[in-house]
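None of these values were measured; they are calculated from a predicted model.
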Amino acid sequence: MAHPQPHERLDAAMNERRLALHRTWREVAEAARITYEALRAIRRGDSKPTELTARGLDGALDWEAGSVLKVLAGGEPSPLSSDASAVADDDAALSKELALAQRLLAATVREMDLTPEEADEVWRRVRREIEVTARSHKGDSTGTDRNDRAV
């Protein structure tokens with residue numbers, strides 16, 4: 001059996017991490033500050049990421065700096081968090097919050113008769129706000145659960 005090409009290894013590693021973080025490819029591209037098309041070209045092996053793009057992808061996937069280049073060289077990526085159980089708990093809580101927001105948004109889209117493009121834009125903004133808020137509450141030492149905050 002043939003060994004996977006470097007871009008195939010990178011695509012598989014990025015896909016696994018993207019799914020673990022509950023992100024779309026478009027969200028990964030946006031967080032990495034590259035176009036969706038550029039990301040697709042990297043995943044397909046049509047383009048090799050520059051050092052700056054690789055660093056952007058590392059950040060978008062919550063990997064330690066150099067992980068993308070390490071995967072391309074045959075290694076494994078290094079997630080930023082070493083506490084996998086805390087990440088899993090945070091991911092589960094975030095997933096529940098996003099699922100609720102998605103249900104509420106679906107009802108709002110129907111009520112307001114938004115176009116698909118308008119609905120996508122609203123969802124992108126709501127999701128970003130929820131994720132930013134969740135990240136900012138990770139370091140909250142007040143003991144207040146993020147589900148207790150006012151909506």
Side-chain angles (χ1 to χ4, degrees), residues 7-47 49-50 52-72 76-151:
H7 74 275
E8 293 170 329
R9 288 181 33 61
L10 179 60
D11 183 38
M14 288 193 309
N15 191 50
E16 182 178 328
R17 185 65 172 166
R18 174 188 70 86
L19 293 171
L21 296 171
H22 306 285
R23 295 183 182 152
T24 67
W25 283 119
R26 290 196 186 277
E27 289 168 331
V28 170
E30 183 178 306
R33 297 183 180 213
I34 61 174
T35 65
Y36 175 76
E37 292 75 18
L39 177 58
R40 186 172 38 196
I42 291 167
R43 292 177 53 226
R44 290 181 176 174
D46 296 337
S47 174
T50 64
L52 187 59
T53 298
R55 285 184 186 200
L57 288 168
D58 287 335
L61 295 166
D62 294 339
W63 281 343
E64 289 181 8
S67 287
V68 166
L69 298 177
K70 192 172 13 172
V71 172
L72 287 171
E76 295 296 325
S78 301
L80 283 176
S81 174
S82 61
D83 185 359
S85 63
V87 170
D89 290 345
D90 288 345
D91 286 348
L94 181 59
S95 291
K96 287 179 183 179
E97 193 168 352
L98 287 169
L100 174 60
Q102 196 168 28
R103 288 194 302 273
L104 291 170
L105 183 60
T108 303
V109 165
R110 286 190 300 273
E111 180 72 25
M112 296 180 69
D113 198 28
L114 298 178
T115 67
E117 293 79 19
E118 291 169 326
D120 285 345
E121 178 63 15
V122 171
W123 173 242
R124 186 181 64 75
R125 289 179 183 205
V126 166
R127 182 177 179 137
R128 182 184 311 143
E129 182 62 29
I130 290 170
E131 289 173 342
V132 166
T133 302
R135 279 194 295 269
S136 71
H137 284 277
K138 276 185 185 178
D140 185 0
S141 60
T142 64
T144 304
D145 184 68
R146 70 173 154 227
N147 294 325
D148 292 339
R149 68 181 180 275
V151 177

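Interatomic distance, CD of Glu131 versus OG1 of Thr133, reported as 10.0 Å (0.5 Å rounding). To the nearest 0.5 Å, atoms CG (Leu80) and CG (Asp62) are separated by 5.5 Å. To the nearest 0.5 Å, the span separating CH2 on Trp123 from CG on Leu98 amounts to 5.0 Å. If you take CG on Leu100 and CD1 on Ile130, they are separated by 8.0 Å, rounding to the nearest 0.5 Å.
The minimum heavy-atom distance linking Arg128 with Glu30 is given by the pair NH2-OE2, 2.7 Å. Between Gly66 and Asp58, the closest heavy-atom pair is N-OD2, 2.7 Å. Pairing each heavy atom of Ala54 with each of Pro49, the nearest pair is N-CB, 4.2 Å.
Enclosure of atom CZ in Arg40 by more than 12 non-hydrogen atoms of other residues, nucleotides or ligands within 6.0 angstrom is indicated.
Contact check for Leu39 versus Met14: side-chain heavy atoms found under the 4.5 Å cut-off. Within the 4.5 Å cutoff, no side-chain heavy atoms of Trp63 are placed close to those of Lys70. At least one side-chain heavy atom of Leu57 sits less than 4.5 Å from a side-chain heavy atom of Ile34. When side chains are defined from C-beta on, Pro77 does not count as touching Leu61, because their heavy atoms never get closer than 4.5 Å. Taking the side chain as every heavy atom from C-beta outward, Ser47 and Thr53 never approach each other to under 4.5 Å. Side-chain contact between Val28 and Leu21 is absent, with no heavy-atom pair separated by less than 4.5 Å. Residues Thr108 and Glu111 fail the side-chain proximity criterion, which asks for heavy atoms closer than 4.5 Å.
Residues Asp120 and Arg26 are not paired through a salt bridge, judged by the lack of any N-O separation under 4.0 Å between the basic side chain and the carboxylate. Taking 4.0 Å as the cut-off between side-chain N and carboxylate O, Glu121 and Arg124 count as a salt-bridged pair.
At least one donor-acceptor pair closer than 3.5 Å links the side chain of Ser67 to the backbone N or O of Ser78. Between the side chain of Arg18 and the backbone N or O of Arg23 there is at least one donor-acceptor pair closer than 3.5 Å.
Judged by distance alone, the side chains of Glu118 and Thr115 do bring a donor and an acceptor atom under 3.5 Å apart.
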